[in-house]
Each structure stands twice: as C-alpha cells, then as structure tokens.
Amino acid sequence: MSVEAMYAEIILDHYREKHHSGLREPYGAQVQHVNPTCGDEVMLRVALSGDRVADVSYEGVGCSISQASTSVMTDLVIGRTVDEALALHEEFTRLMHGRGEIEPDEDRLEDAIAFAGVAKFPARVKCALLGWSAFKDAAALALAADAAESMKESR
Amino acid sequence: MSVEAMYAEIILDHYREKHHSGLREPYGAQVQHVNPTCGDEVMLRVALSGDRVADVSYEGVGCSISQASTSVMTDLVIGRTVDEALALHEEFTRLMHGRGEIEPDEDRLEDAIAFAGVAKFPARVKCALLGWSAFKDAAALALAADAAESMKESR
Amino acid sequence: MSYDVELIRSDFPILSRRVGDYPLAYLDSANTSQKPQVVIDAMVDHYERHNANVARAMHMLGAEASAAYDAGREKVAGFIGANRTEEVVFTKNASEALNLAAHSLGATLKPGDEVVISVMEHHSNIVPWQLLCARTGATLRWFDITDEGRLDLAKAAAEQLINSNTRIVSLTWVSNVLGTVNPIAEIAAQAHAVGAVMVVDGSQAVPQLTTSVTGLGADLVAFTGHKMVGPTGIGALWGRYDLLAELPPFLGGGEMIEIVKMGGSTFAPPPYRFEAGTPPIAQAVGLGAAADYLGELGMADVAAHEAAITSYALRVLQQLDGLRVLGTTSVGPEGRGGAVSFTLATRDGLDIHPHDVMTFLDSRGVAVRGGHHCARPLHERLGITASTRASFYLYTLEREIDQLVEALNYTRDFFGRAA
Amino acid sequence: MSYDVELIRSDFPILSRRVGDYPLAYLDSANTSQKPQVVIDAMVDHYERHNANVARAMHMLGAEASAAYDAGREKVAGFIGANRTEEVVFTKNASEALNLAAHSLGATLKPGDEVVISVMEHHSNIVPWQLLCARTGATLRWFDITDEGRLDLAKAAAEQLINSNTRIVSLTWVSNVLGTVNPIAEIAAQAHAVGAVMVVDGSQAVPQLTTSVTGLGADLVAFTGHKMVGPTGIGALWGRYDLLAELPPFLGGGEMIEIVKMGGSTFAPPPYRFEAGTPPIAQAVGLGAAADYLGELGMADVAAHEAAITSYALRVLQQLDGLRVLGTTSVGPEGRGGAVSFTLATRDGLDIHPHDVMTFLDSRGVAVRGGHHCARPLHERLGITASTRASFYLYTLEREIDQLVEALNYTRDFFGRAA
Ligand SMILES: Cc1ncc(COP(=O)(O)O)c(C=O)c1O
Ligand SMILES: Cc1ncc(COP(=O)(O)O)c(C=O)c1O
C-alpha cells in the first residue's frame with residue numbers, strides 16, 4: 001500500500017476540520033496522553049451521563065493521523081453507552097495491530113475504517129491509537145468518579 | 001623470550017627471601033600503592049638521614065615480580081643519596097618501558113637487570129614498577145617533611 | 001579536489017540501499033551517522049580474534065584486548081586534542097556522560113547554588129540538571145535565544161544569568177535543531193570568572209568540527225560515538241585531568257576501585273574511577289577506528305564539506321514555497337552545523353505535520369526526522385510543537401538534497417490538493 | 001548425544017587461535033565469554049543494512065532498526081522468562097544495572113534503614129550500595145560465609161541480619177569466585193517478609209542456568225551481555241513491572257521522558273524511563289542473537305554441560321599436589337557454577353602467586369584469571385589476597401582441562417625447582 005492511499009481523503013478531511021475539538025465543561029475526567037517517541041500530545045475530557053458518553057472534548061498537537069483519528073473517535077463514541085464505546089476501542093485497536101490483515105467492519109467503525117491502511121505502517125500505529133487510548137483511560141476514570149459519587153450519595 | 005627466562009633465578013630468590021621486608025621505625029614518610037588491575041599492594045616507608053636514604057621498609061602482597069622487584073630496589077637505594085636513588089628509579093622505569101630493546105647497565109642496576117625480560121611482557125611491567133613508584137613517592141614526601149621541619153626550626 | 005564524496009560513499013555499505021524505486025537519501029545523520037566498512041571490520045576482527053576482558057585479564061587475548069581498548073582511548077584523545085589520554089572517560093553515550101558530569105560535579109551543590117543551561121539544549125543536557133537541582137535544592141536557570149536562534153547574550157547579561165551563585169554552566173556547542181554554533185570560549189570565560197565549571201555538550205560538534213578540547217575553554221566535554229561514524233553503545237566525557245582527579249565517582253563497581261573493603265572503598269585515578277564494570281571494549285575499538293577514519297579524511301575537509309552542503313541545502317530549501325527554516329539561514333562566519341529544521345505548509349496555509357512530512361519523504365527514499373528532536377523546550381520557545389529536520393554529513397550529496405526538495409514539493413502539493 | 005561440543009566450537013572463530021605451539025584453552029569465560037559467528041554477523045548485518053536511531057526515527061531504516069532493537073528486548077525477555085517485554089531495561093553492563101537499582105530503589109533511604117549484601121559479592125554489587133549508604137546515611141550489612149563458601153544463614157539468623165529495618169537485600173545468584181549457588185528464593189522470602197526489595201546479581205547465573213525471573217522470587221535481576229555469548233556494551237536489569245513503574249528515573253535525557261519543560265519534566269513508563277539517550281542498538285541486536293543461540297542449544301543442555309565439565313575439573317584439579325580449591329568442591333544438589341578458584345604452592349610450601357601462575361599458564365596456551373576477581377572482601381575473608389580462577393562455558397572441552405592441569409603441574413615444578 002502506498003502512503004498516498006494510507007492518507008485517505010477522510011483522514012485529511014478530519015485533519016483540516018477536527019470534530020468536537022476544544023476543551024469543554026462539564027466533564028467527569030480529564031487525562032493527558034503523550035507519545036514520547038514523536039511528541040504527539042492530547043489532553044482529553046470525557047463527560048458521562050449515566051452509562052452514556054455525553055461528550056468527549058480535547059485539545060491536541062500531532063500529525064494528521066493522530067489528530068484525525070481522535071476526531072473520528074469522538075464522532076463514534078459520543079452518544080453511545082460506555083460499554084459500546086469501549087468495544088469500539090477494542091475493535092479499532094485490534095485493527096491497528098493487525099498489520100493490514102484484518103478486514104474492518106464498516107458498519108461498526110464507519111469513518112475509522114479509513115485508518116485500516118495505517119496498520120501497514122508500524123511506526124504510525126501509535127499515532128492512530130493516541131486519542132483512543134486517552135478516551136479509554138478517561139472513560140474509566142469518569143466511571144470510577146461517578147461510582148464514588150453515588151456511593152457517597154447513597155450513604 | 002620465554003617465561004622461564006623472564007623468571008630469572010634472581011627473581012625467585014628475592015621472592016623466597018625478601019630483603020628489608022617488614023615495616024620499621026623511624027620513618028619520614030609512608031605511602032600505600034596499589035595496582036588496581038591485579039590487586040597487588042605495597043605499604044612502604046622511607047627514612048632519610050640528611051640527603052641519604054637511611055632505610056626503606058615495606059609490607060606487600062603480590063606476585064613474584066612485584067615482590068622481588070621491591071626487594072631488589074631496597075638493596076639498591078638504601079645508603080644512597082636521594083638523588084642517586086631517584087636516578088636509579090628513572091633508569092629502571094625506562095628499562096621497563098623499553099619493550100626489551102634497552103640494554104640494562106649492570107654496574108648501576110645490579111640485581112635489577114634480572115627484570116630486563118619483564119619489559120617484554122607488557123602486562124607485567126606494572127608489577128615490576130609497583131615498589132619503585134612507591135619509593136619515589138615516599139622519598140618525595142619524606143624530603144618535603146624534612147624541609148618543613150627545618151623551616152620550622154630555622155624560624 | 002581531494003575530498004571525493006562519491007569515493008567516500010563507497011566506504012559505507014548502507015548508502016547503496018534503495019527504498020522502493022528510489023535511492024536512499026539518508027538525511028538523518030544528526031540523529032545517528034552511518035558506519036564505514038573499516039569501523040565494522042575493526043569490531044569483527046576484535047570479536048573473531050582478540051576478544052577478552054580488559055585490564056584484569058593478563059593472558060594473551062587479555063593483553064591483546066587491553067591494548068586494543070587502550071588504543072581506542074588514545075585515538076579518541078588524539079582526535080579531540082586532549083593533553084592526556086587519561087582525560088577521556090568512556091561512557092555508553094553522551095547522555096551518560098552528561099549525567100556523570102551532573103552527579104560528580106553536583107555532589108556538593110546546595111540551595112542557593114545555580115546551574116545554567118539554555119533553552120536550545122537537547123533533553124540530555126536538560127533533564128540531568130533538573131534531576132540534580134531536584135536532589136540538591138539548587139536552582140536551574142537558562143539562556144533564552146534570539147529570533148535568529150542564537151543565545152541571547154544581552155538578555156543574559158541584563159538578568160545576571162551568570163553570577164557569583166553559578167556553580168555549573170552547561171551548553172551545547174552546536175544545536176541539534178538550529179545548527180547554531182555557540183560561543184563556548186566566551187561563555188566559558190564568564191563561567192570561570194565566577195568560579196563555575198563549564199560543561200559542553202559536543203554531541204553535534206565533535207563529529208563535524210575540528211575539536212581541540214584544550215582550545216575550547218571548557219572543563220568537561222560530552223560526545224557520543226554513534227554520531228561520528230562510530231558504533232552505538234559508546235560515548236565519552238573528556239575532562240581536564242586536574243578536575244577529573246578531584247571529582248567523586250558516579251557509578252560504582254569493578255574496575256573503578258583501588259581497594260574494596262566491606263567497610264568502605266577507595267577509588268582508582270581517572271579515567272578508571274568513572275568506568276564501572278566491563279567497559280564497551282569492542283565499541284572502543286570501533287570508535288578508535290572511526291577517529292582514525294575521520295582523521296584520515298581530515299576534519300578540516302569534513303567541516304568544509306559540511307558547510308558547503310549546508311549552504312546548498314539552505315539555499316534550495318528556502319526557494320520552496322511554504323517552507324520556513326528555523327534559526328539562522330546562512331553559514332555565517334560563526335559557522336553553522338549541518339542540521340536544518342523547518343516547517344512546511346500547503347499553499348492554502350495548512351501546516352503539514354512533520355510526521356506526515358517524514359512519512360511522505362520516506363516513501364520517496366528520503367530519510368529525515370520529524371518531531372521535537374529531543375528539544376521540546378526549544379520548540380515551545382519557537383511557538384511550535386514539532387519540525388522536520390534534514391541533517392547532513394561527510395557522505396551527503398547535493399543530489400540527495402535535490403531529492404529532498406522534490407519530495408517536499410510533492411508532499412506539500414499532495415496535502416494542498418486535498419483541500 | 002545432541003550436545004556436541006566440537007560442533008559448537010566451530011561456531012566460535014576465536015577458539016581456533018593458537019598460543020605459540022599450544023592450542024588456545026580459553027578458561028576465562030566467567031570474565032567474558034567468546035562470541036559465536038551468528039552473534040557477530042547479526043551486528044554486521046545491522047550496521048551494514050539497517051543502522052538508524054530507534055524510536056524517534058520513523059523512516060525505513062528507523063523502522064527496521066527499531067524493530068530489530070525491540071526484537072532484541074523481546075528475545076532477552078523470553079530468554080529469562082519475563083512476563084512482559086517491558087520488564088527488561090537495557091543498560092551498558094551489569095554494573096550499571098546494579099547502580100540503577102541502587103539509585104532508583106535507594107532514592108528515599110534514610111538513616112536507620114539497612115541494606116544487606118554478602119561478603120562474597122563482586123565489587124559491582126558492593127560499591128553501589130556503599131555509595132548509596134554514604135549518600136543517604138543508611139547502614140550496610142552483609143552475610144558472612146561458611147567454611148564451605150556458602151552464605152552463613154545460621155549466623156545471619158542469629159544476628160537478625162534481615163529485620164524490620166531492612167529495605168534492600170542484594171545478593172549474587174552464583175558466585176564468580178566460588179561457584180556457589182545461593183538460595184535466592186529462600187532469602188527473597190525473608191526479605192519480602194520484612195517488606196524489603198530483593199535484588200539479584202545474575203551476572204554469572206543467567207549465562208549458565210535456565211533463568212525464570214518469575215520463579216526466582218526476586219524483584220530485580222541484573223545481568224550482562226558479554227558473559228552470555230553476547231557483545232560488550234550491553235547489560236540488563238529485569239524488574240517486576242509494578243515495581244519498575246513506581247521507581248524514579250536514574251539517568252536523565254532523551255528517550256526516557258514524557259514531556260520536558262524547562263520548569264520540570266515527566267517521564268516515560270518502563271523500560272524507557274530508565275534508558276536515557278541512544279541505547280546500545282546494535283548490541284541489543286547482538287544480545288538478541290545470543291539469546292537465540294543459547295535458546296537453540298537449550299539452556300538445560302548448557303547447564304548439564306557446565307555441571308559435567310565442572311565436575312571433571314574439580315576431580316582432576318584436586319589430584320594435583322599443592323592445589324587447594326576455594327569453596328565447595330563438588331557439584332552438589334544445589335548446583336555449582338562453572339568457576340573454580342584455587343591456590344597453588346610448591347612441594348616445599350612456597351605459595352605461587354596467581355599472577356605468576358597465570359603468566360606460566362598463558363605461555364602454555366591456557367587462559368585463566370589471577371587476582372581477586374573483583375571480589376577482594378571475599379578473598380580477605382578467606383585469608384588470602386588472590387587466587388587463580390579457571391572458568392568454563394558451553395564450549396569447554398575436557399582436553400582443555402587436561403591442558404590446564406599439565407600446565408599447573410609444570411608451573412608448580414618450575415617454582416619448586418628454584419628452591
Ligand atoms: C557476579 C558478577 N557481578 C557483576 C559483574 C559485573 O559485570 P559487568 O562487568 O559486565 O558490569 C560480574 C562480572 O564481571 C560478575 O561476575
Ligand atoms: C546535542 C545533543 N546532545 C546530546 C545527545 C544525546 O546523545 P546520545 O543519544 O548518544 O546520548 C544528542 C543526540 O541525540 C544531541 O544531538
């Protein structure tokens with residue numbers, strides 16, 4: 001696969017116009033993830049409403065792959081239940097580590113299938129995963145915070 | 001040159017019967033020298049009487065080369081002026097670094113010419129020099145101590 | 001002309017590799033340099049015929065290995081113009097050398113003492129001093145830079161950056177991002193005037209310039225083997241002998257000792273005091289061969305080639321629409337290292353991230369580095385998060401720069417078309 | 001039998017060297033091991049075809065070099081039975097690994113805390129802890145040994161060596177002088193019972209025994225590449241991931257950081273946090289090839305050969321008049337490493353100094369080590385200043401032991417005749 005093909009139109013569109021970008025209130029948890037090898041950074045917030053992802057907001061610096069991947073991720077997870085979102089995280093991660101041999105499920109991954117080609121460029125896989133990993137961590141923290149809150153309330 | 005030839009009879013004699021060994025009083029300076037690569041150690045004292053080497057006493061551990069060389073050195077320097085002794089040190093050091101290409105002066109170096117063969121075994125040159133270097137340092141310290149003493153007295 | 005780049009290139013087997021349909025244009029030598037066959041062969045011969053531990057092994061192989069290791073040190077000492085061979089301490093890389101400096105020099109630092117670095121340093125000349133200051137309570141201060149990417153000496157003077165509290169000044173000689181050559185002698189004089197020790201990070205300078213550590217004015221100079229056509233796994237700290245002689249040890253272990261007793265130990269004289277454990281023996285052999293190789297080419301010629309190729313690159317890169325070079329854009333009288341960092345934007349103003357640039361360039365055979373190049377504070381100071389860096393060395397051809405420019409054009413247009 | 005020593009020897013080019021009229025009998029493998037052709041070739045191929053910096057270089061060569069470096073870590077992790085590849089930190093040698101342990105583990109030590117080692121340690125597992133105690137005011141204590149050269153566990157229990165003040169216990173797994181195999185699991189359990197961390201110096205064990213770091217009971221294990229048919233310039237510290245994750249960094253610089261700002265930095269997760277600067281890349285490739293080589297031979301077979309050749313040596317050496325073996329003289333059920341140290345005296349009782357023994361042996365083709373083998377306190381404890389050590393490895397032949405015995409006989413008689 002050529003680099004030109006890896007840089008699918010969808011990726012460049014999301015790089016030019018990042019969805020849900022910027023940091024917003026309210027949020028349940030905030031994390032900062034860094035890719036120390038290349039310096040890409042993302043600060044990401046997750047707001048839950050019950051078991052649903054109410055919002056994901058973020059600010060980041062990095063390459064088109066990491067930026068676009070984060071943008072696509074927000075489109076996918078906002079509005080879903082946390083469980084559904086984490087299942088998507090897992091599916092996307094598996095795709096990225098598949099060395100290009102896994103066929104992505106377009107119905108589930110939607111725009112994220114554009115990153116299928118990245119799996120063939122091992123050096124860039126971390127870029128595509130940066131935002132997703134940050135989301136996973138932040139969601140876990142937000143869930144834990146909610147749980148602590150409701151324990152307090154129920155006492 | 002063979003090792004058998006390097007281990008001249010003189011060396012083994014001195015190894016078996018070290019001359020002037022043991023630590024004695026009085027002394028003007030004492031030093032400890034170590035060959036960290038092989039662990040050979042010598043503690044050595046020099047007593048001066050005016051500009052003469054009145055006594056050299058020592059205690060050491062190490063191979064036959066280092067032990068015998070120290071023993072031979074004491075025979076050579078005790079009773080000489082410091083200047084003469086240091087000149088012998090220089091001559092012996094030059095011999096040791098000569099890679100076996102320097103002809104030793106038997107009249108001056110006496111038994112120490114037995115170490116001429118050591119110069120062909122670079123790994124052992126340090127052994128042959130251990131006691132000599134210790135003597136040089138101790139003699140310098142003893143001279144300095146005497147000088148300080150006489151300054152005090154002359155005040 | 002005696003400096004024949006094509007001939008030199010034939011010494012480097014890797015340079016004949018291809019990337020798909022393209023010849024490899026390796027423009028990442030500030031990251032690590034390639035190795036000539038003689039350096040590789042020297043290490044092979046060592047492992048195949050002379051391998052043994054050094055110093056403590058006195059049998060035939062031990063004597064051969066020790067002589068080879070010592071010769072490596074002698075060659076390196078000669079290469080940098082050291083007064084004594086014992087002034088060269090072998091480490092695993094420049095980073096260890098700088099950490100050694102920070103630990104040994106800094107062992108007696110206390111609150112109120114100040115350490116001065118600059119905002120253009122490589123992380124390896126920042127973090128050791130941050131950790132030192134955290135351990136001791138000393139204060140870390142730093143030179144800012146001017147818009148041309150030079151040390152801001154006027155600002156430093158105004159804020160009395162170097163003052164009577166200063167204990168250590170540590171600066172890079174040549175910037176790995178901007179190529180700036182810093183006025184080490186001038187700053188060393190300021191440091192010495194207040195009784196501070198001058199440490200120099202020579203990682204980018206020693207491979208490119210004729211080095212005379214005695215003329216430099218510094219007290220300690222760190223550098224690294226893999227950037228000077230030598231192997232990985234070895235670096236060095238040069239130090240004035242009398243300074244090294246009074247510094248406490250850093251790493252403890254075999255080889256650096258004099259007498260070990262359970263109740264306490266004494267330590268060997270320099271350089272051994274600072275070399276704990278089995279040293280990088282084969283690597284010292286390789287680095288010695290590298291010093292010989294560079295010496296035979298002649299560092300004056302290497303430096304002249306570096307200046308010429310850098311001038312050429314600066315000239316053609318600046319003709320490229322959307323490309324902005326960081327720092328100084330000319331090889332001035334102060335000189336300039338062979339690293340050129342830049343940003344690239346499409347005609348409609350979209351910043352193309354350096355990782356994307358790098359990936360595109362790679363697909364067209366051109367190896368550059370994208371990111372912060374271990375100089376994040378410098379990038380932050382410049383108001384950017386990353387840059388693309390092309391860096392040149394004694395084997396770099398104009399043809400490779402042309403290949404770079406063509407690939408950059410293509411990349412910019414690809415990202416532009418997507419608009 | 002599948003373990004064919006002659007066949008194995010043909011993998012090691014250096015073993016065909018001669019010393020004058022004698023074949024080389026290299027009996028100094030505890031000092032450093034020889035390298036098989038595959039290990040040398042792996043590094044040559046790396047330098048000639050794949051050399052680049054790792055992690056931060058993402059072009060073709062950078063990706064190849066990174067993959068090769070990562071593969072080296074994976075192979076080493078697999079070889080020692082680590083749960084996770086990230087548990088292996090590359091250092092320059094075992095000594096750096098032990099210093100890293102001392103600095104990172106010991107950062108919070110204070111007066112009253114105790115560190116426990118033993119009198120049989122290599123200097124590299126003594127001096128780092130002495131320096132740590134000097135820095136922090138903690139107290140260094142140590143295991144004594146019995147007359148058979150084993151840890152004196154009874155004495156240790158009687159003096160409550162390991163107690164509630166103990167923070168760190170650091171012991172060698174296999175002695176480089178006596179060959180003693182220490183009961184690590186048992187002592188680790190004692191250490192853990194009082195909340196102390198168990199550090200193991202595996203420098204002599206990992207090359208010879210099947211290593212399962214998870215089964216060993218230790219928290220950190222140091223070892224070194226050059227003693228396990230790998231290159232110089234690389235060692236490793238294995239650590240339980242959760243322990244590594246909470247330890248502060250040691251060396252600072254490129255690659256070990258997360259975010260660097262002039263005001264302070266954050267650090268990468270293990271193993272990177274502990275690997276400042278350009279790592280020993282080609283050396284990791286070589287060490288990976290070494291792990292593969294050992295894995296293909298099979299460590300059970302290597303250990304069996306080591307036990308057999310050591311038994312043979314102990315048997316024939318003890319028949320030699322005037323020779324006294326230090327420590328245990330049998331390969332018992334606890335096992336015994338392949339290092340046999342001894343003293344030699346003439347028939348009339350003159351001690352022949354080990355350096356003299358070594359020089360004579362060398363002239364007859366036999367390479368052994370004479371001295372204190374970086375274990376001066378152990379020798380002092382044994383009431384001697386030095387010993388001669390013959391040490392064996394996977395390529396050692398009985399014929400070489402016979403050559404040793406013959407040369408020892410000759411040496412003893414030469415010094416005896418001189419009486
Ligand atoms: C038991 C032991 N520990 C530590 C070391 C030190 O290893 P290195 O010299 O590779 O740092 C050695 C070898 O010299 C050793 O035998
Ligand atoms: C200016 C500068 N200093 C220090 C270093 C660190 O060198 P090493 O990675 O060999 O420790 C580098 C290279 O990465 C550098 O360019």
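Chain letters run A, B, ... following the sequence lines, proteins first and then strands; every chain starts at 1.
Looking at C:L24, only its side chain comes within 4.5 Å of chain D, counting heavy atoms on both sides. Residue C:P248 does not touch chain D at all, counting heavy-atom pairs closer than 4.5 Å. For C:S33, the part lying near chain D is the backbone, with the side chain staying farther off; criterion is any non-hydrogen pair under 4.5 Å. The part of C:L131 that comes within reach of chain D is its side chain, from C-beta onward, which places non-hydrogen atoms under 4.5 angstrom from that chain. For chain D, the nearby part of C:S118 is the backbone; its heavy atoms alone come within less than 4.5 Å. Within the 4.5 angstrom heavy-atom criterion, atoms from both the backbone and the side chain of C:H50 approach chain D. For D:A94, no part lies near chain C; criterion is any non-hydrogen pair under 4.5 Å. Residue contact with chain C, scored on non-hydrogen atoms closer than 4.5 Å, is absent for D:S16.
Across D:M262, D:H123, D:R376, D:Q283, the residue that shares the most heavy-atom pairs under 4.5 angstrom with chain C is D:M262. Comparing D:R49, D:Q37, D:E380 by heavy-atom pairs within less than 4.5 Å of chain C, the highest count is held by D:R49. Contacts with chain C were tallied for D:G264, D:G371, D:P279, D:A134; D:G264 has the most, counting heavy-atom pairs under 4.5 Å. With respect to chain D, the highest number of heavy-atom pairs below 4.5 Å among C:E121, C:Q34, C:R17, C:K35 belongs to C:R17. Chain D forms the most heavy-atom pairs under 4.5 Å with one residue out of C:I281, C:V127, C:N99, and that residue is C:N99. Between chain D and the options C:V44, C:V366, C:D362, the largest number of non-hydrogen pairs under 4.5 Å is found for C:D362. Interface summary for chain C: among D:I126, D:V39, D:I40, D:L98, the most heavy-atom pairs under 4.5 angstrom belong to D:I40.
Nearest heavy atoms, D:A282 versus C:T232: N-OG1, 3.2 Å. When all heavy atoms of D:H226 and D:N31 are compared, the pair lying nearest together is CE1-O, 3.3 Å.
Using the six-membered ring where Trp is involved, D:F250 and C:F250 have ring planes that are tilted, between 30° and 60° apart. Using the six-membered ring where Trp is involved, C:Y69 and C:F90 have ring planes that are tilted, between 30° and 60° apart.
Contact check for D:I117 versus D:L140: side-chain heavy atoms found under the 4.5 Å cut-off. Side-chain contact check for C:I257 versus C:I259: every heavy-atom pair is 4.5 Å or farther apart.
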**Prompt:** Stepwise, does the ring-ring contact (aromatic ring centres under 6.0 Å, His included) test hold for C:H373 with C:H122?
**Reply:** CA-CA 8 Å; C:H373 320 310; C:H122 187 281; 9.9 Å; no
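When only modelled atom types and interatomic distance are considered, C:N93 and C:T224 share no side-chain donor-acceptor pair under 3.5 Å. Judged by distance alone, the side chains of C:T91 and C:E96 never bring a donor and an acceptor atom under 3.5 Å apart. Checking C:D28 against D:H59 by side-chain atom types alone, a donor-acceptor pair falls below 3.5 Å.
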